[in-house]
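The block underneath contains the structure these notes are about, expressed in structure tokens.
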Amino acid sequence: MARVMAPEEFRETGPVAAARGLLGKVLVRTLRGRRTERVITEVEAYDGERDLACHASKGRTKRTEVMYRPGGVWYVYLCYGVHEMLNLVTGPADCPAAVLIRGVAGIAGPGRLTKALAIDRSLNAAAAHPDSGLHVEDHGVVVPRRRVRATPRIGVDYAGPVWAAKKWRFTFDPAKLPESKQRVRRVARGFSPRPGTQNAG
DNA sequence: TACTCGATCGGA
DNA sequence: CCGATCGAGTAA
């Protein structure tokens with residue numbers, strides 16, 4: 001049921017598909033023996049050098065170097081001199097792209113999220129693996145496509161009308177997941193619900 | 001080295 | 001609406 005996602009899994013798709021796929025997955029922070037887990041509810045995709053909203057549009061620099069690595073590593077940077085932003089690098093090597101984790105269940109806002117989970121730049125370039133203290137798990141939460149809202153990314157007007165208008169921000173409301181109905185539907189199809197499993201898929 | 005400007009947030 | 005706060009990127 002709770003399956004640890006391997007870094008390699010984030011090398012298979014581009015950032016838009018990866019972003020959609022991360023909705024409903026669980027962000028797991030392990031620090032000093034304390035484990036915190038939150039369902040990912042809000043993400044944004046940043047797609048390569050052509051995407052003028054993506055830091056990689058500046059090319060390969062000290063800061064963007066991590067995005068050129070194979071997916072499955074964290075890209076954490078400081079924004080406005082105040083807030084740490086958490087991204088997951090996606091895609092194969094030399095295709096600089098990432099997914100910004102903007103929100104989790106109960107926490108809206110990328111800055112608040114990193115503060116709450118004690119995430120900072122010391123995790124930059126670390127693997128999304130339990131060893132690093134920050135990884136992703138699949139708890140079988142199913143987010144129906146109709147529940148996903150695609151809207152323009154936040155705070156990227158500087159990227160110009162074309163790239164700022166891309167609807168690459170994806171959100172869903174976990175409260176609207178009718179898990180009981182899904183279970184019923186599943187039972188009707190001949191599956192038996194497992195105790196403690198939320199929307200097993 | 002000297003600028004400018006943020007993938008934000010909280011408080012007037 | 002505005003200030004905080006600092007590092008990346010750019011120009012020089």
Side-chain angles (χ1 to χ4, degrees), chain A residues 7 10-11 13-27 29 36 38-91 94-128 132 134-136 143 148-173:
Chain A
F10 303 108
R11 297 170 192 168
T13 60
V16 175
R20 283 181 170 279
L22 278 169
L23 289 180
K25 298 297 189 298
V26 178
L27 185 65
R29 177 72 167 129
T36 309
R38 299 270 188 168
V39 173
I40 297 169
T41 56
E42 180 181 355
V43 293
E44 281 177 3
Y46 289 85
D47 189 15
E49 294 179 346
R50 63 184 186 130
D51 177 4
L52 297 184
C54 181
H55 290 165
S57 64
K58 303 289 185 184
R60 198 187 278 259
T61 69
K62 197 144 203 170
R63 180 167 68 158
T64 63
E65 176 63 30
V66 63
M67 276 198 280
Y68 287 79
R69 296 177 50 174
V73 296
W74 300 111
Y75 166 41
V76 187
Y77 70 92
L78 187 66
C79 188
Y80 294 100
V82 179
H83 307 286
E84 310 278 342
M85 299 283 122
L86 174 65
N87 300 254
L88 183 57
V89 175
T90 70
D94 300 316
C95 293
V99 176
L100 171 65
I101 314 293
R102 284 192 64 91
V104 294
I107 307 175
R112 297 192 193 105
L113 155 58
T114 54
K115 186 179 180 186
L117 298 188
I119 293 165
D120 61 30
R121 282 161 291 169
S122 66
L123 281 163
N124 187 50
S132 72
L134 186 64
H135 70 278
V136 179
V143 183
V148 178
R149 265 195 246 305
T151 55
R153 294 171 290 182
I154 303 294
V156 297
D157 287 350
Y158 62 83
V162 173
W163 294 99
K166 300 281 183 189
K167 295 181 176 176
W168 286 349
R169 170 177 176 247
F170 303 103
T171 59
F172 85 101
D173 183 354

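Naming convention: chains lettered A, B, ... in sequence-line order (proteins, then strands); numbering from 1 in each chain.
For the pair A/Leu27/A/Leu134, a side-chain contact is recorded, criterion being any heavy-atom separation below 4.5 Å from C-beta on. Between A/Val43 and A/Ile101 the shortest side-chain heavy-atom distance falls below 4.5 Å.
Here the P atom of nucleotide B/dG6 and the CG atom of A/Leu52 are 13 Å apart, to the nearest Å. Atom CD in A/Glu44 sits roughly 8 Å away from atom P in B/dT8 (whole-Å rounding). With rounding to whole Å, A/Glu84 atom CD is found 10 Å from C/dG7 atom P. Atom pair A/Asn124:CG and C/dG7:P shows a separation of 14 Å (rounding to whole Å applied). With rounding to whole Å, A/Arg169 atom CZ is found 13 Å from B/dT8 atom C1'. A/Asp157 has its CG atom 15 Å from the P atom of B/dC5, to the nearest Å. A/Met67 has its CE atom 14 Å from the C1' atom of C/dG9, to the nearest Å. Rounded to whole Å, atom C1' of B/dA7 lies 17 Å from atom NZ of A/Lys166.
For the OP1/OP2 pair of C/dG9 and a distance below 4.0 Å, the side-chain nitrogens and oxygens of A/Thr61 include at least one atom meeting the criterion. Here A/Arg63 does not reach the OP1 or OP2 of C/dG7: none of its side-chain N or O atoms lies under 4.0 Å away. A/Arg112 has a side-chain polar atom (N or O) that falls below the 4.0 Å cut-off from OP1 or OP2 of B/dG10.
Listed nucleotides C/dG7, B/dA7, C/dA4 differ in distance to A/Arg121; the shortest reach to its side chain belongs to C/dG7. The side chain of A/Tyr80 lies closest to B/dG6 when the candidates are B/dG6, C/dG9, C/dG7. The nucleotide whose nearest atom lies closest to any side-chain atom of A/Tyr158 is, among B/dG6, B/dT8, C/dG9, B/dG6. In the set C/dC6, C/dG9, B/dC9, the nucleotide with an atom closest to the side chain of A/Leu78 is C/dC6. In the set B/dC9, C/dT10, B/dA7, B/dA7 carries the atom at the smallest distance from any side-chain atom of A/Leu100. Of the candidates C/dT5, B/dC9, B/dA7, the closest approach to any side-chain atom of A/Val82 belongs to C/dT5.
In this structure, C/dT5 forms no base pair with any nucleotide, since neither Watson-Crick nor G-U wobble geometry is met with both distances under 3.5 Å. The nucleotide B/dA7 finds no pairing partner, because no Watson-Crick or G-U wobble arrangement with both distances shorter than 3.5 Å includes it.
Within 6.0 Å of atom CZ in A/Arg60, more than 12 heavy atoms from other residues, nucleotides or ligands are found, so the atom counts as buried in its surroundings.
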Quiz item: What do the steps show when you test A/Arg169 against A/Thr151 for side-chain hydrogen bond (donor to acceptor under 3.5 Å, both in side chains), and what is the final call?
Solution: CA-CA 5 Å; A/Arg169 170 177 176 247; A/Thr151 55; 3.1 Å; yes
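Across B/dA12 and C/dT5, the matching P atoms stand 15 Å from one another, rounded to whole Å. Only the C1' atoms considered, B/dG10 is 22 Å distant from C/dG7, to the nearest whole Å.
For the pair A/Arg69 and A/Tyr75, the NZ or CZ position fails the cation-pi test of under 6.0 Å to the six-membered ring centre and within 45 degrees of the ring normal.
If you run ring pair (Phe, Tyr, Trp, His ring centres under 6.0 Å) between A/His55 and each of A/Tyr77, A/Tyr46, A/Tyr158, only A/Tyr77 comes through.
The base of B/dA7 sits within donor-acceptor range of the side chain of A/His55, with an N or O pair under 3.5 Å.
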